[in-house]
Each structure stands twice: as C-alpha cells, then as structure tokens.
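Right, one structure below, let's go through it.
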Protein chains: 2
Amino acid sequence: MVATDNVYKTPEEATFNLALYLKQRQKLCDTALDQAIPIIYPEKIYEAMRYSLLAGGKRVRPILCLATCEMFGGTIEMAMPTACAVEMIHTMSLIHDDLPAMDNDDYRRGKLTNHKVYGDDVAILAGDGLLALAFEFVATQTPQIVDRSRVLQVVARLGRALGAAGLVGGQVVDLESEGKSDISLETLNFIHRHKTAALLEACVVCGGILAGASSEDVQRLTRYAQNIGLAFQIIDDILDVTATQEQLGKTAGKDQRAKKVTYPSLWGLEESRLKAQELVKAACAELEPFKERAEPMVAIAHFITSRNH
Amino acid sequence: MVATDNVYKTPEEATFNLALYLKQRQKLCDTALDQAIPIIYPEKIYEAMRYSLLAGGKRVRPILCLATCEMFGGTIEMAMPTACAVEMIHTMSLIHDDLPAMDNDDYRRGKLTNHKVYGDDVAILAGDGLLALAFEFVATQTPQIVDRSRVLQVVARLGRALGAAGLVGGQVVDLESEGKSDISLETLNFIHRHKTAALLEACVVCGGILAGASSEDVQRLTRYAQNIGLAFQIIDDILDVTATQEQLGKTAGKDQRAKKVTYPSLWGLEESRLKAQELVKAACAELEPFKERAEPMVAIAHFITSRNH
C-alpha cells in the first residue's frame with residue numbers, strides 16, 4: 001500500500017492495491033495495442049511496428065491517460081484510443097532515439113532495438129508509421145459519445161507534445177548537449193521538460209479533456225504532470241548510476257561513461273532523491289480537490305519515485 | 001491554355017490561365033507555410049524544418065487541396081491549414097527517404113538534402129517535427145466555421161495516407177524491391193499507389209470533406225486522385241530517363257543505374273506516355289458532374305503529364 005496522507009480514504013479504498021491496479025490496466029492496454037495493429041501486406045512494416053510497441057513496457061503513459069479520464073467521471077472506453085496513441089508516440093520516439101544516427105543503442109526493454117532487428121531504414125519507417133497511426137487511431141476510434149471538438153483538442157495536444165515544442169525539441173537540445181560537461185540546470189530542465197514531461201502532460205491533460213475537465217482542472221493536471229515528469233527523469237538518472245543492465249533492460253551506466261550532465265551529477269544522489277520526493281508531493285497536492293477519486297493517480301506518482309527499473 | 005473539351009466554358013473562363021493560377025496559389029501556400037513555423041529556441045530544429053519545407057516545391061499537393069475545397073463551394077481559408085499539412089507530410093517523407101539509411105540522396109529540389117546540411121540525427125527529428133506539426137496545425141488552425149467532425153475526418157485521412165497503409169507501406173515495398181529486376185506490375189503499382197497516389201488522394205478528398213462533399217463525391221475524388229497519382233509517377237519515371245539533373249533539381253538517371261523496374265522499363269517510353277495520357281483523361285472524366293467549377297483541377301491533371309521537371 002502506498003502512503004497517500006492527503007487523501008481521505010474509506011475503509012474499502014484504504015485497501016487500494018496499486019500493483020493489482022497497474023497489472024489489470026497494463027493488460028487492458030496490451031490487449032488494445034495488440035488489436036490496433038494487424039499484420040497485413042507488407043508484413044515487415046507491421047511486424048516492426050508491433051515489435052517495439054508490444055515489447056512489454058510498463059504502460060505508465062496510457063495508464064495515466066485512462067486514470068485521468070476516470071477521475072473526471074469518464075470511462076476507459078472513451079480514453080483507450082488516446083491511451084494507445086500516447087504509447088505509439090512514446091514507442092516511436094524510442095525507436096528513432098535508439099538509431100545509430102542518434103543515441104545508437106542496441107538494447108531496449110531487454111530486447112534488441114528495432115533497427116538491430118529490422119535495419120535502420122525499416123526502423124525509421126516503423127517510427128513514422130506508429131506516429132501516423134497514433135493520430136488516425138484517436139480520430140477514428142474514439143467513441144462518438146465524446147464530443148468531436150474534445151477529440152480534436154486531443155489531436156492538437158498530442159501533436160504539440162511530440163513536435164519541436166515537445167519531444168523533438170527536447171531531443172535536439174539533448175543531442176547538442178552531448179559531450180559537454182558545462183550544461184546548465186536550465187538546459188537540463190529544458191531537455192527533460194520536453195523529452196519526458198511534455199508527453200506525460202499530454203497523457204493526463206488529454207484524459208481530462210476527453211472527460212470534460214475544466215480549464216482550471218487542466219491547469220492542475222499540467223502541474224501534476226510537470227512535477228511527476230521531472231521526478232521520473234531524476235529517478236531515471238539515479239537508476240542509471242545505481243541499477244544493473246538486467247534491472248533496467250537497457251544499457252546501464254551510460255550517462256557516466258558519456259560524461260553526461262545529469263541531476264545526480266549536479267546535485268549528488270541523496271539530494272536528487274529528496275528533490276524527486278518533493279516533486280511527487282507537489283504533484284499530489286494538485287490533486288487534493290479530487291479527493292478519493294485521485295487515489296490511483298496519487299499512487300502512480302509515488303510509484304514513480306519508488307521504482308527500481 | 002489547356003484543352004478541357006468536356007467542360008463547358010463561358011468566354012471568361014475560356015481564358016483560364018493555369019500558369020497564373022498556379023503562380024498565385026503557390027505564393028499563397030508559400031506564405032502560409034512560412035508563417036506556420038517561426039524560429040524559436042532551439043533554433044536548429046525549426047531551421048531544419050523550414051529548410052526543406054520552404055525549398056521551393058511546386059506545391060501541387062496543397063494547391064490540389066485548395067482547388068477541391070473551392071470546387072465544392074468552400075473557401076481557401078477553410079482548406080489552407082490542411083493544405084499546409086499535406087505539404088509538411090510530403091516534405092517529411094522526402095527528408096526521411098533521402099537519408100543514407102534509405103535512398104541516400106544528396107540533392108533535392110536543386111539543394112543539398114536536409115541531412116547533408118543538418119546531419120542525419122537532426123534530419124530525422126526535422127521529419128518527425130513536421131509530421132507532428134501537420135496534425136497539430138489542422139487541429140488548431142482550421143477555422144471554427146468548419147464542422148469539427150469534418151476536421152477530424154481530415155486528421156484520420158492524413159494519418160492513413162501517411163502510415164503503413166500509405167506512404168510508409170509504399171516505401172517499405174520500394175526498399176524491398178531495390179536491386180530486383182523481376183518486380184511485377186502489381187508490385188510496382190502497389191508502391192506508387194502508396195508512395196504517390198495515397199497522399200494526392202488525401203489532398204483532394206480532404207479538400208472536399210472540408211467543404212462538405214458527399215460520399216459519392218468523395219468516391220469520384222478518390223478515382224480522380226488515383227488516376228493522376230499513377231500518371232504523375234509514370235511521368236516521373238519518364239523524366240528520370242529523359243531529363244537532366246538541372247531540369248529535375250535532383251539526381252537524374254538514378255533508376256536506370258540502380259536497375260530499378262519502372263514503367264518505361266516495363267512498357268517503353270512511348271507506351272508509358274500514352275498510358276499517362278489515358279489516366280489523365282479518366283481522371284478528368286470523374287469531374288464532369290462539376291462542370292466549369294472543375295476547370296482548375298482538370299487543368300492541373302493535364303499539367304501533370306505535360307511537365308518537364
């Protein structure tokens with residue numbers, strides 16, 4: 001059980017089982033993602049898209065999207081196409097980031113990276129294909145019960161989170177910072193606000209929009225996401241120092257070898273851990289108005305700082 | 001003046017000046033595309049996106065999108081965000097196709113390709129950024145006068161035209177066919193229906209949808225686009241044999257050197273020219289119900305087979 005002091009709990013909810021919740025949601029997401037991409041001619045591209053999409057991620061992003069939609073009284077069905085889309089976008093960014101022309105990684109989630117299996121050309125196209133499908137999927141699969149203008153807002157948010165004002169912009173600054181040991185905290189924050197927090201923000205904001213969240217609610221969700229996004233990245237940096245390749249499913253100790261500026265390199269491990277905890281606390285404070293309905297999202301925020309892979 | 005025998009013309013319209021029409025529309029599109037991407041931090045990614053997007057293409061795709069919208073009584077303003085989006089998607093596909101991991105081209109539209117100027121990493125990201133912006137732009141910039149469900153249909157069509165069922169799928173089969181001299185006409189058609197016709201189809205169908213075209217109209221537009229798409233590709237193949245690098249603005253004679261199966265290699269030059277003309281005629285026949293309103297689109301269809309670059 002996760003400590004959620006600020007949230008009033010009924011006896012029933014006090015037994016909220018995050019591990020079970022995540023397991024059930026992950027299964028729902030895995031099933032929806034599996035069904036989203038059939039294998040037809042030309043098989044290779046669909047197989048390459050499925051290879052990375054179904055490589056067994058924790059599905060934190062889609063689960064957050066579903067949880068936010070439900071927090072505002074929406075259903076899982078309303079948010080599932082958007083939840084699948086954020087995982088497609090996330091997977092696409094991993095495939096492209098892993099390419100030899102970018103971070104040149106051979107392993108991801110404990111498996112060979114996409115280009116190591118299918119070649120650079122197909123990996124680039126698999127990323128493009130996942131990205132295209134993400135938008136098509138939201139537009140065609142979101143139930144008609146959801147107002148079309150809300151769905152269009154989701155499309156706009158996903159586009160922004162992915163583009164030069166989001167993931168792409170963060171990755172460009174990250175590439176530019178490579179091998180430089182004098183990266184400022186401001187630049188480091190820019191990279192992670194764009195590479196990590198922007199998509200997490202889109203997940204929770206889109207989940208809220210689909211269920212009719214007010215603009216004030218959207219502000220709260222934005223702050224929640226920015227805080228857990230930064231916490232998520234700090235923990236990632238810490239794990240790169242402390243965890244093994246086996247635990248991570250990807251190459252460990254990479255940052256240090258690349259002399260990359262990270263939060264632990266700026267603040268030290270202990271200070272970084274404290275900072276991540278503070279961010280999670282601030283994130284949860286944003287959800288207080290939603291009382292017990294926020295329990296899954298509060299628990300997920302705490303989960304982020306307690307994970308070891 | 002272009003021959004448009006099947007279309008009744010008033011004396012005024014008989015003077016329809018395609019060259020002037022294309023020039024004016026191209027300018028409108030160039031201005032809109034220029035304004036779509038400001039240069040902000042991190043400058044390099046916005047510059048890379050602008051470098052290829054504003055490299056002076058003929059803007060055939062966006063012009064077709066605007067023309068179709070107008071044919072159904074819509075305005076240029078209604079279709080301009082979608083017109084910009086199709087050009088962004090087209091440009092993104094060129095940037096990624098030109099990469100060393102794909103077709104490895106150094107020149108495009110008479111200029112160095114994106115990766116030759118900005119590096120492979122930024123070129124991949126510039127493509128991703130254009131793609132994300134395409135969807136964001138349609139969702140946020142289409143005037144409110146257009147029903148949101150129509151805008152969402154446009155998003156779905158663009159996603160499909162770009163993804164594994166469109167551009168991406170066509171490029172995968174094209175890559176698989178490289179160096180093989182026994183490619184069937186069926187495979188060649190698959191490649192070009194997906195690499196070329198799918199996006200042209202999205203241009204005209206989306207232009208129609210935005211203006212409220214019926215599903216029967218959409219069928220006609222689809223057949224028009226598939227025919228001119230194939231004609232366009234046949235002419236491209238012919239020009240690769242007959243035109244100079246200076247005329248094309250890209251490497252000429254590439255297909256032959258790569259022993260690539262093309263329409264001229266299957267049918268010969270003369271037969272290929274005849275086939276392209278037949279396809280354009282069939283395309284124009286689809287527009288007969290729209291009478292004089294179809295004149296620009298009829299003229300554009302003929303322009304495709306008469307171009308020399």
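So you know, we letter chains A, B, ... as the sequences are listed, proteins then strands, and number each from 1.
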Using a 4.5 angstrom heavy-atom cutoff, name the option from B:A161, B:P42, B:G166, B:A48 with the most pairs to chain A. B:P42

Let me know if B:I89 has heavy atoms under 4.5 Å from chain A in its side chain, its backbone, both or neither. neither

Among B:T140, B:L158, B:L175, the residue with the most heavy-atom pairs under 4.5 Å to chain A is B:L175

Find out whether B:V155 and A:V151 are in side-chain contact, i.e. whether some heavy atom of one side chain is under 4.5 Å from a heavy atom of the other. no

Which of residues 32-40 of chain A have a heavy atom under 4.5 Å from any heavy atom of chain B? none

Pairwise side-chain contact, B:R148 with A:D147, heavy-atom cut-off 4.5 Å (strictly under): no

Atom group of B:Q153 that falls short of 4.5 Å from chain A, counting heavy atoms: neither

Top of A:G127, A:A164, A:G163 for chain B proximity - count of heavy-atom pairs under 4.5 angstrom: A:A164

Rounded to the nearest 0.5 Å, how far apart are CE of A:M92 and CG of B:L131? 7.5 Å

Aromatic rings A:F135 and B:F135: how do their planes relate, parallel, tilted or perpendicular, breaks at 30° and 60°? parallel

Listing request: all side chain to side chain donor-acceptor pair (under 3.5 Å) pairs with a residue in residues 117-131 of chain A, at least two apart in sequence or in separate chains. A:D128-B:H96

For the candidates A:H115, A:K44, A:M49, A:H194, which exhibits the highest count of non-hydrogen atom pairs separated by less than 4.5 Å from chain B? A:K44

Identify, with sequence neighbours excluded, every residue that meets side-chain contact (heavy atoms from CB on, under 4.5 Å) alongside A:D217. A:F72, A:A213, A:S214, A:F290

Most heavy-atom pairs under 4.5 Å with chain A, out of B:A126, B:S149, B:G169, B:G119, belong to B:S149

So, using side-chain contact (heavy atoms from CB on, under 4.5 Å) as the criterion, who are the partners of B:R160 when residues are at least two apart? A:E136, B:A165

Note: B:A132 and A:G159 closest approach over all heavy atoms is CB-O, 3.4 Å

Please find the pair of heavy atoms, one from A:I124 and one from B:A101, that lie closest to each other, and give the distance. CD1-CB, 4.1 Å

Applying a strict 4.5 Å limit to non-hydrogen atoms, the region of B:F190 in contact with chain A is side chain

When heavy-atom pairs shorter than 4.5 Å are enumerated against chain B, which of A:L162, A:L152, A:I45 gives the highest number? A:L152

Should we say atom CD of B:E43 is surrounded by more than 12 heavy atoms from elsewhere, each under 6.0 Å from it? yes

